[in-house]
Amino acid sequence: MTTTRKRVRKAVLPVAGLGTRFLPATKAMPKEMLPVVDKPLIQYAVEECIASGIEHVIFVTGRRKNAIEDHFDFAPELESFLESKGKSQQAQMVREISGGMHFSYTRQNEALGLGHAVLTAQELVGDEPFAVLLGDVIMDGPVAATRSLIEIYNETGKGAITVQEVEPEELQFYGVIDAEKAPGSRWGDRLLKVNNLVEKPKTGTAPSNLGVSGRYVLPPEIFEFLEKTKPGAVGEIQLTDGLVALAKNGSLWAHVHDGKTHDAGDKLGFLKATVEFALRNPSFGAKFRKYLKELDL
Ligand code: G1P
């Protein structure tokens, strides 16, 4: 028997956060606009959406975030200026930023947590499965992380989240899963059945070494769970609480990402991502490598 599932067409990108981990750079500038080499952080997430077949990106935004909207908007003056100077390749690059994607914006007026940000997008998402991507995380690897989650959803009809191995002392900064091996599938050991999750466990109490990376594909039922979620200890509605409800229903998979995860919302993570992407840059990567080798480290 074949079931027709609704396609995952939409992605929610919560971008209302104040970026306090990156002060002072983020005092007057959204952290999502910090450039890693030559692209703002948020563009990497939108490119992952494009590579995953997403058609509609919903930004959950806030005050002082207009630069994000401008970045994904048309820029006719800039394009014609570049064309008039014979810089048609650059004009093309500017045109392609939005990748033919449809963009919507909604505002999260209070900083009530990631679960609340997702709930804010409910009306724009409607009654269909959707992806969530945290824009300060850049996922690298042979297959776009969100694409893998969508494939898992398509085959099973259940929610899926990306996880990664995390150093013990770092687990306190993550949602951490309690999971078991999934029955045989084409994802092999990379697919796990989630039984429970703990958000930011106290040192020594984490149920595993697998932290939630910031990529989710969720069925619309998650909204019902989030609506019932009361703000937790820090006064926030956690997405993790909604995920726990899915897991308790036996409706949540975890996929161990095949590739690197860069937490570029953190200063050190940002620097590492910058160096790795710069080394791969076709026009100056080789020169940059030579420069790094010459540094007296
Ligand atoms: C959020 C989630 C957490 C996840 C993390 C990944 O936390 O609540 O479960 O592991 O993103 O970056 P935040 O980093 O926003 O505090």
Side-chain angles (χ1 to χ4, degrees), residues 11-23 26 30-32 34 36 41-42 44-45 48 60-62 108 110-121 131-140 145-146 149 159-179 192 194-203 205-218 222 225-226 229 231-247 252-257 259-270 272-273:
V12 174
L13 274 58
V15 293
L18 295 175
T20 50
R21 286 191 295 164
F22 229 115
L23 283 167
T26 47
K31 72 169 169 189
E32 293 79 11
L34 293 168
V36 171
L41 258 181
I42 195 69
Y44 291 89
E48 184 182 326
V60 179
T61 174
Q108 184 187 14
E110 289 174 282
L112 290 181
L114 183 57
H116 179 256
V118 171
L119 206 45
T120 306
V132 178
L133 290 87
L134 305 190
D136 44 13
V137 179
I138 304 179
M139 308 290 291
D140 213 358
T146 299
L149 299 184
I161 58 179
T162 307
V163 294
Q164 69 196 81
E165 282 184 19
V166 173
E167 294 298 327
E169 64 278 12
E170 298 289 315
L171 283 166
Q172 54 177 320
F173 303 115
Y174 287 83
V176 181
I177 61 164
D178 180 355
L192 301 167
V194 182
N195 295 322
N196 199 7
L197 298 97
V198 182
E199 179 67 16
K200 313 225 163 64
K202 292 208 169 62
T203 311
T205 67
S208 73
N209 66 340
L210 293 172
V212 178
S213 318
R215 297 295 184 267
Y216 314 78
V217 164
L218 302 169
I222 190 81
F225 295 130
L226 289 175
T229 303
V234 280
E236 294 192 347
I237 297 177
Q238 300 293 350
L239 182 55
T240 300
D241 293 329
L243 299 177
V244 168
L246 281 183
L252 190 66
W253 302 113
H255 181 250
V256 185
H257 181 57
K260 272 200 182 164
T261 305
H262 298 284
D263 180 6
D266 164 78
K267 289 175 188 172
L268 184 58
F270 180 88
K272 288 181 183 173

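Counting starts at 1 for both ligands and their atoms, in listed order.
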For atom 13 (P) of ligand 1, which of Lys200, Glu199, Glu236, Gln238 has the closest heavy atom? Lys200
Applying a heavy-atom cut-off of 4.0 Å, say which part of Asp263 lies close to ligand 1: side chain, backbone, both or neither. neither
With heavy atoms under 4.0 Å as the rule, classify the contact between Leu134 and ligand 1 as side chain, backbone, both or neither. side chain
More than 12 non-hydrogen atoms from neighbouring residues, nucleotides or ligands closer than 6.0 Å to [atom1] on [X], yes or no?
X: Glu170; atom1: CD; value: yes
X: Lys267; atom1: NZ; value: yes
X: Lys200; atom1: NZ; value: yes

Under 4.0 Å to a heavy atom of Thr240 - the qualifying atoms of ligand 1, by number: 9 (O)
Give a yes or no on whether a salt bridge exists between Asp263 and Arg21, defined as a side-chain N under 4.0 angstrom from a carboxylate O. yes
Between His116 and Gln108: side-chain donor-acceptor atoms closer than 3.5 Å: yes
Atom 12 (O) of ligand 1 has as its nearest protein heavy atom Val137 CG2, 4.0 Å
Is there a nitrogen or oxygen of Val212 sitting under 3.5 Å from a nitrogen or oxygen of ligand 1? yes
Under 3.5 Å, N or O to N or O, is Gly175 touching ligand 1 that way? yes
Just so I know, are the side chains of Val163 and His257 near enough to count as touching, which here means a heavy-atom distance under 4.5 Å? no
